[in-house]
**Q** 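What follows is a structure written as structure tokens; I'll ask about it next.
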Amino acid sequence: PASLSGKWEMISNVNFDDYMIVLGISASLRKIATKLNLKKTIERQGDQFIIKTTSTFRNYTVTFKVGQEFNEFTKGLDNRHLKSLVRWEGNKLICEQTGEKKNRGWTHWIEDDKLHLELFCEGQVCKQVYKNV
Ligand code: RET
């Protein structure tokens, strides 16, 4: 069955700029970030996930257990402190990120052997698709 685990490379990225705008990310950082070819490495050990987002410019790693709220610091993104909680909903891995920004979170799922990621915040939705590498 389709698994989130593995190495992934971004093939499309829609509305990333508007997502970053609602996060309050500066124009200069957005300009760099929109040009990045992002990669993901997802490691899973049972309920525990390590998700690494990497690029030539900056990396971001988040480690969590499904169903267990954790403190997330979005270092190098918008540098906010969040309470995050990840759950499964069918084949979708869904994170709710509670903090200063409303309706913030993300959803990961596999479709047609590709990794789909929706990043949402305050009504903006960024949609990224990654291929397996
Ligand atoms: C980069 C570059 C600097 C500016 C911004 C970035 C955004 C990273 C994002 C990462 C999302 C990670 C997720 C992990 C899930 O476990 C690329 C670090 C804004 C949006 C959803």
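Indexing begins at 1, ligand by ligand and atom by atom, following the structure's order. Heavy atoms only: backbone and side chains are in, while hydrogens, waters and symmetry mates are out.
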**Q** Could you tell me which non-hydrogen atom of Cys95 sits nearest to which non-hydrogen atom of Phe120, and how far apart they are?
**A** O-CZ, 4.2 Å
**Q** Give the residue and atom name of whichever protein heavy atom lies nearest to atom 20 (C) of ligand 1, and the separation in Å to one decimal.
**A** Leu77 CD2, 3.8 Å
**Q** Looking only at heavy atoms, is any part of Asn59 under 4.0 Å from ligand 1, and if so is it the side chain, the backbone, or both, or is it neither?
**A** neither
**Q** Check each atom of ligand 1 against the heavy atoms of Thr53 and keep those under 4.0 Å away; list them by number with element.
**A** 12 (C)
**Q** Taking everything shown except Lys127 itself, do over 12 heavy atoms lie less than 6.0 Å from its NZ?
**A** yes
**Q** Please state which protein non-hydrogen atom is closest to atom 16 (O) of ligand 1 and give its distance, to 0.1 Å?
**A** Val62 CG1, 2.9 Å
**Q** Determine whether the side chain, the backbone, both or neither of Leu38 has a heavy atom under 4.0 Å from any heavy atom of ligand 1.
**A** side chain
**Q** Answer yes or no for atom 3 (C) of ligand 1: protein heavy atom present at a distance under 4.0 Å?
**A** yes
**Q** What do you reckon, is CD of Glu96 surrounded by more than 12 foreign heavy atoms closer than 6.0 Å?
**A** no
**Q** Using a 4.0 Å heavy-atom threshold (strictly under), name the region of Lys40 that reaches ligand 1: side chain, backbone, both or neither.
**A** side chain
**Q** Can you tell me if Arg87 uses its side chain to pair, donor with acceptor, with the backbone of Val66 under 3.5 Å?
**A** no
**Q** Any idea which part of Ile25 is under 4.0 Å from ligand 1, heavy-atom wise: side chain, backbone, both or neither?
**A** side chain
